Undergrad: 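Okay, handing you the structure first.
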Amino acid sequence: MGIKVAKFGGSSLADAAHFAKVKSILLADADRRIVVPSAPGKRSSTDIKVTDLFYECNKLAGAGQSMDDAFEKIVVRYHEIAEELQITVDLDVHLEEVRKNIKLGAGADYAASRGEYLNGILLAAYMGWDFVDPQDGIFFDEEGHLDSEKTQQMLSALLAGHSHAVVPGFYGCDTHGRVKTFSRGGSDVTGALVSRAVNADMYENWTDVSGCLMADPRIVRNPEPIRYVTYRELRELSYMGFTVLHEDAIFPVRMAGIPTNIRNTNDPEAPGTVICYEAEDYESEYMITGIAGHKDFAIISVEKAMMNAELGFGRRVLQALEEEGVSFEHMPSGIDTMCVVVREDAIDGKKERIIKRIHELCAPDSVEIHSGLALIAMVGRGMVRSKGISARLFNALMKAGVNVRLIDQGSSELNIIVGVDNLDFEVAVRAIYRAFVVKEPRW
Ligand code: ASP
């Protein structure tokens, strides 16, 4: 028998109706033997996530104020689910213990983690599966980073004794034995770590969308879904603002060669998007896999005659940025010019100082900062060794009246990045989409 780890996000476990959907999804495939739940999420756009209620309780308790009203909302949420589904579990014992500990100052991480913890207890009782506490299997080091090796060892040993288990997402244990959470949205990371620990055949990440789309639906109407994307492609796309999973959820499964399948709890028949290691077996219908982009970058342009012959010039330019705590995104350069692309907000209030420092360190002929740049990445394994891609891209941009201010193609040929004026961003994304994806024009 195979094994699939199914992680369900907060919106997939927001109420009793969703719990019931989750159960039928789990029972529909005998390989789905480990489930990682998030805390109950929003039931409507005005609702409050249980995790946020817990943070609120902790804040109030810390300020010496009453947390009773906020905690009561949490009690009601769990009780509603348990009663509607007739789950027999003594929730009050757990809730009271949590209430007491928060009041005693157990801290923000403990409080926030209880959303997943209680949901795990509820789901385990509902499924009749074992509850496995990640505080016994996921470990952080002294600096607060995940202790990947120890986690892999302990978590696989912990899970080895359970044929069916519920492992709450979002938290683990610090070096003092206390609860520590990942950053927000971290249940994705738990799902990935659990998948690696049991060497799963598939990491299923169930959410409220049917996978990834080839472009932002706020810019392109009805973009095509992505059926297969490689981890490398996803990394390029995520870097450009394509948000699918928590960033740290990619590496554990990628390293272990386990594919991730993004699925929709409200449309379980839809195949969703499979993120895989190598997609050679999965031919793509299109030459590109996705388009992603971001506005508000700036170019720091440094000019100096004979720059190419000056040893350490580039390092000194970057030193000026490093001293100001600014990391750079790209560095397209010419013989006597060096351009460094940075995020506009990263240099906010620092421009004068950066220019001055580059002058001091490099004695250039000129330093200028141009803002208002948008970057668009066109990513796709189908582009590797294909001819005519750039021609098609620049032809499309020319026809759309877009001036290209910057071009950057990685030597992997997996992506081409173009920089355009902020004002041209949407027009450019649509032009690229039309040139590479649309069979029938939609506009
Ligand atoms: N419940 C946590 C959050 O709201 C973690 C998660 O949902 O993944 O961030």
Side-chain angles (χ1 to χ4, degrees), residues 5-15 18-19 21-22 25 34-59 70-71 73-75 77-78 81 94-95 98 102 106-124 131-135 137-138 140 144 146 151 155 166-174 179-196 203-209 212 238 243-253 260-266 275:
V5 172
K7 180 259 167 180
F8 287 88
S11 57
S12 299
L13 289 162
D15 54 21
H18 279 91
F19 258 68
K21 284 186 197 179
V22 166
I25 289 170
I34 300 189
V35 56
V36 175
S38 281
K42 291 182 175 197
R43 293 160 295 185
S44 66
S45 56
T46 53
D47 201 10
I48 306 175
K49 277 177 153 192
V50 165
T51 308
D52 292 319
L53 289 171
F54 271 116
Y55 276 123
E56 180 66 16
C57 287
N58 180 64
K59 207 168 104 194
F71 201 82
K73 289 185 190 146
I74 296 172
V75 172
R77 294 241 7 212
Y78 286 112
I81 299 171
H94 299 290
L95 283 162
V98 170
I102 297 176
D109 281 24
Y110 171 83
S113 73
R114 296 305 90 178
E116 271 69 12
Y117 172 80
L118 292 163
N119 226 20
I121 289 179
L122 209 52
L123 187 60
F131 174 83
V132 174
D133 196 332
Q135 204 178 343
I138 294 179
F140 294 87
L146 175 76
T151 295
L155 198 55
V166 178
V167 188
F170 194 34
Y171 69 94
C173 183
D174 72 8
V179 167
K180 173 157 177 57
T181 59
F182 292 107
S183 56
R184 296 300 302 264
S187 297
D188 281 347
V189 187
T190 312
L193 294 170
V194 168
S195 300
R196 187 183 60 162
Y203 170 28
E204 292 184 335
N205 193 292
W206 293 82
T207 168
D208 52 7
V209 291
C212 315
S238 314
T243 41
V244 191
L245 291 170
H246 190 293
E247 244 203 340
D248 299 335
I250 305 289
F251 291 99
V253 270
T260 301
N261 190 188
I262 313 282
R263 302 285 292 265
N264 188 349
T265 307
N266 302 312
I275 311 163

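As the structure lists them, so they are numbered: ligands from 1, and atoms in each ligand from 1. Given the structure is predicted, the values throughout are model-derived calculations rather than measurements.
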Undergrad: Name the closest protein heavy atom to atom 7 (O) of ligand 1, giving the residue it belongs to and the distance to 0.1 Å.
TA: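 Answer, as residue, atom name and distance: Ser38 OG, 3.3 Å.
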
Undergrad: Does this structure show an ion pair linking Lys73 with Asp47, if we count only N-O contacts that are shorter than 4.0 Å?
TA: no

Undergrad: If you have a sec, work out which protein heavy atom is nearest atom 2 (C) of ligand 1 and how many Å separate them, to one decimal?
TA: Glu116 OE2, 3.5 Å

Undergrad: Which residue in the set Tyr171, Phe140, Phe170 passes ring pair (Phe, Tyr, Trp, His ring centres under 6.0 Å) when paired with Phe182?
TA: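 Running ring pair (Phe, Tyr, Trp, His ring centres under 6.0 Å) over Tyr171, Phe140, Phe170 with Phe182 returns exactly one hit, Phe140.
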
Undergrad: Would you call the rings of Phe8 and Trp206 parallel, tilted or perpendicular if under 30° counts as parallel and over 60° as perpendicular?
TA: parallel

Undergrad: Do any N/O atoms on Lys7 end up under 3.5 angstrom from N/O atoms on ligand 1?
TA: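 So ligand 1 has no N or O lying under 3.5 Å from an N or O of Lys7.
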
Undergrad: For the backbone of Gly172 and the side chain of Gln135, can you confirm whether one donor and one acceptor N or O come within less than 3.5 Å of each other?
TA: no

Undergrad: To the nearest 0.1 Å, how far is atom 3 (C) of ligand 1 from its closest protein heavy atom, and which atom is that?
TA: Arg184 NE, 3.4 Å

Undergrad: Is the contact between Ser187 and ligand 1 made by the side chain, the backbone, both, or neither, using heavy atoms and a 4.0 Å cut-off?
TA: both

Undergrad: Ligand 1 versus His246, non-hydrogen atoms closer than 4.0 Å: side chain, backbone, both, neither?
TA: neither

Undergrad: Compute both the distance and the angle, then confirm whether Arg196 meets the cation-pi test with Tyr203: under 6.0 Å from the six-membered ring centre, within 45 degrees of the axis.
TA: no

Undergrad: Please confirm whether Gly186 approaches ligand 1 to less than 4.0 Å, judged on its heavy atoms.
TA: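 Yes.
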
